[in-house]
Asker: 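I'd like to ask you about the structure that follows.
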Amino acid sequence: MSYFSDIYNGIKTLLTGMTVTGNYFIHARKGTLTQQYPDNRDTLKMFDRFRGEVVMPHDDQNEHRCTGCQKCEIACPNGSIEIVWDRGIDETTGKKKKKIDKHIYHLGMCTMCGLCIEACPTDAIVWAQNYENSVYDRKYLTRVLNQPGSKVKAGIED
Amino acid sequence: MMNIPLNITKTIHDWLFSIMPEGVASITEMVIIAIVYLALFAVAGLYLVLLERKVAAWFQLRLGPNRVGPFGLFQTMADALKLVSKELTSTDRIDKFLYNLAPYFVIVTALVALSVFPFSKQFQAFDINIGVFFLISISSIGVIGILLGGWSSNNKYALIGAMRSGLQTISYELSVGLSILTMVLLTGSLQLSEIIEVQRTGGWLILQGHIPAVIAFMIFMIAGTAETNRAPFDLVEAESELGAGFHTEYSGMKFAYFFLAEFINMFIIASIAVVLFFGGWLSPFGITEGITWFPEVIWFMIKVLMIIILMMWFRWTFPRLRVDQLLTLEWKYLLPINLVNIVVMAIIIWLNWTI
């Protein structure tokens, strides 16, 4: 007699579903997720998973972690990243070594897929959580990620 | 015929009959009542739309409309204004006459059904002795409008939506009718005001009829939701499959008629439920029984609002049914249960086991 157990299970599962949404309904005041954006512009903080743009963090000695390995440039499916690199003399070993001159990032071409960040072996580039990315001219969308005069942090490659 | 509880109606009634011959006066009176009802329920429909949007927002932990006016109270007014000002477009090679006729079928049947409800003891436009029968028959006409709209649009999606609507309404009409009949067995009258009078002494019908009444109520709510073409039975519109179903090709005010009719139909289903199961305008436990100035409309409206929120709860909880699931639910489950339920109810009344 699966007929009656079907009816019983049907009613039971429907009531389970209604309890879940009913709970939401009762706690709607407290749990509202809506951000009323232009009004709360000063206090709005984006959550950690939000992908605003790719940035390269620098510490206070103006040092970044990018070794210029170009893995991000290869990983990028639509060519948003260009690395202009050079060879310089490493001070400790005295050998010639690759270093970046400019890490160029085209925000206008980026699809926020995150493959470059996954590919980076030294965690030199990360996601930023800024969300107001509109500009009046597209030349502002081409950004140089490493700050002028910065250099790679010692011991990153080890 | 017309007795709105405020004392002015009596004055207007007497005044009209004093200045005009009798025939003209009664026609004028009917026109006035029609205008009052139209105005009342157009506004009520708009606020039901707003309530739906607010309730939907709360179920989904959002805020809902809150920009136009305080707490967004004028949002639907603004929407209606926008719809009135829009162009009435149509597709190539439509059946012009039927295309223009369809929305009126839907909205007129919805508004006509409202006339028989006793909103309070004296607030009832049309108290006929076959009220329940009238309601069942008038609510079946609305589907003609939907079928015509889908057929005349010259659009495949609209046609599929309309055909689904026909299938759905014809199937679920049976369950609505039979569950109402179960309750009519208990009251012994088809007149809506009489049904409420029965409940004044014996308690609300859902208590009087206990188990079969509760089953009838559940079946009525399921079938009633299907009858109004609301989710989870919104195969007719099915945004993800058919665009907007039968009203894909309608724009502006004609679309607004379809939209408004859906909400007025919801109000009607809720009103039938309130009259047949929850005592209409009677107060719970008779707490305002002795107070003569108390407007009983308030009790009716509170109960209707509860049922409407229950229907919205259904809408924002359950996923849409497939066509075969829809028909299985009706013909294999609701209908047999309903038929057995009627027999059980008859036996209970025969053995005098009602409370």
Side-chain angles (χ1 to χ4, degrees), chain A residues 1-53 107 110-114 126-136, chain B residues 51-68 71-72 175 211 214-219 221-223 225-226 231-233 305-322 325-326 328-341:
Chain A
M1 290 303 276
S2 69
Y3 184 80
F4 292 105
S5 63
D6 277 355
I7 295 174
Y8 173 74
N9 283 330
I11 293 172
K12 203 179 115 190
T13 46
L14 289 184
L15 287 180
T16 313
M18 285 178 73
T19 332
V20 173
T21 45
N23 255 326
Y24 285 147
F25 183 64
I26 293 163
H27 300 114
R29 286 265 148 250
K30 266 191 290 179
T32 307
L33 302 173
T34 312
Q35 299 290 342
Q36 305 195 54
Y37 162 52
D39 295 346
N40 66 354
R41 197 172 174 180
D42 303 327
T43 55
L44 179 61
K45 185 152 182 340
M46 273 297 169
F47 40 95
D48 292 339
R49 290 188 306 171
F50 184 74
R51 296 173 173 189
E53 62 169 323
L107 178 57
C110 181
T111 58
M112 314 290 166
C113 68
V126 292
W127 285 117
Q129 273 79 41
N130 58 334
Y131 47 89
E132 290 178 338
N133 281 332
S134 58
V135 288
Y136 282 103
Chain B
L51 182 76
E52 164 96 51
R53 288 177 65 179
K54 274 288 192 189
V55 167
W58 291 332
F59 273 123
Q60 297 170 347
L61 299 180
R62 294 184 285 112
L63 285 174
N66 63 349
R67 293 283 145 172
V68 190
F71 308 107
S175 280
I211 297 165
V214 171
I215 295 172
F217 176 65
M218 286 165 75
I219 292 171
M221 284 317 291
I222 295 169
T225 315
F233 302 101
L305 219 62
M306 289 294 168
I307 303 276
I308 284 177
I309 286 177
L310 182 68
M311 290 171 84
M312 289 175 180
W313 194 353
F314 291 159
R315 174 165 187 173
W316 297 107
T317 306
F318 304 140
R320 185 187 303 134
L321 275 77
R322 233 166 34 220
Q325 289 168 338
L326 180 92
T328 310
L329 176 66
E330 163 64 21
W331 295 101
K332 286 192 181 163
Y333 292 93
L334 292 188
L335 195 62
I337 292 172
N338 223 332
L339 290 170
V340 172
N341 197 33

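Just so it is clear: chains get the letters A, B, ... in the order the sequence lines come, proteins before strands, and each one is counted from 1.
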Asker: For the residue pair A/T34 and B/R62, what are the closest heavy atoms and their distance?
Answerer: OG1-CA, 3.3 Å
Asker: Crowded around A/Y8 OH? As in, over 12 foreign heavy atoms under 6.0 Å?
Answerer: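 Result for OH/A/Y8: open.
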Asker: Would the number of heavy atoms belonging to other residues, nucleotides or ligands and lying under 6.0 Å from CG of A/L15 be above 12?
Answerer: yes
Asker: Atom OH of residue position A/Y131 - does it have more than 12 heavy atoms of other residues, nucleotides or ligands inside 6.0 Å?
Answerer: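 Above 12, so yes.
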Asker: Assert yes or no for the condition that the ring centre distance of B/F59 to A/F25 is strictly below 6.0 Å.
Answerer: yes
Asker: Is it the case that more than 12 heavy atoms not belonging to A/Y37 sit under 6.0 Å from its OH atom?
Answerer: yes
Asker: If you take all heavy atoms of A/H27 and B/L61, which pair is closest and at what distance?
Answerer: O-CD2, 4.3 Å
Asker: Checking A/T21 side chain against B/T317 main chain: does a donor-acceptor pair fall under 3.5 Å?
Answerer: no
Asker: Near A/M46 CE, under 6.0 Å, is it more than 12 heavy atoms from other residues, nucleotides or ligands?
Answerer: yes
Asker: Using non-hydrogen atoms and a 4.5 Å limit, figure out which bit of A/D6 sits close to chain B: side chain, backbone, both or neither.
Answerer: side chain
Asker: Side chain, backbone, both or neither: which part of B/P319 has a heavy atom under 4.5 Å from chain A?
Answerer: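 For B/P319, neither part sits under 4.5 Å from chain A.
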Asker: For the CZ atom of B/F318 and the CG atom of A/L14, what is their distance to the nearest 0.5 Å?
Answerer: 4.5 Å
Asker: Is it true that, when you exclude B/Y333 itself, more than 12 heavy atoms of the residues, nucleotides or ligands shown sit nearer than 6.0 Å to its OH?
Answerer: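 Yes, OH of B/Y333 has more than 12 neighbouring heavy atoms, counting only those of other groups under 6.0 Å.
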Asker: So which part of A/I11 gets closer than 4.5 Å to some heavy atom of chain B, the side chain, the backbone, both or neither?
Answerer: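 For A/I11, the contact with chain B is made by the side chain alone.
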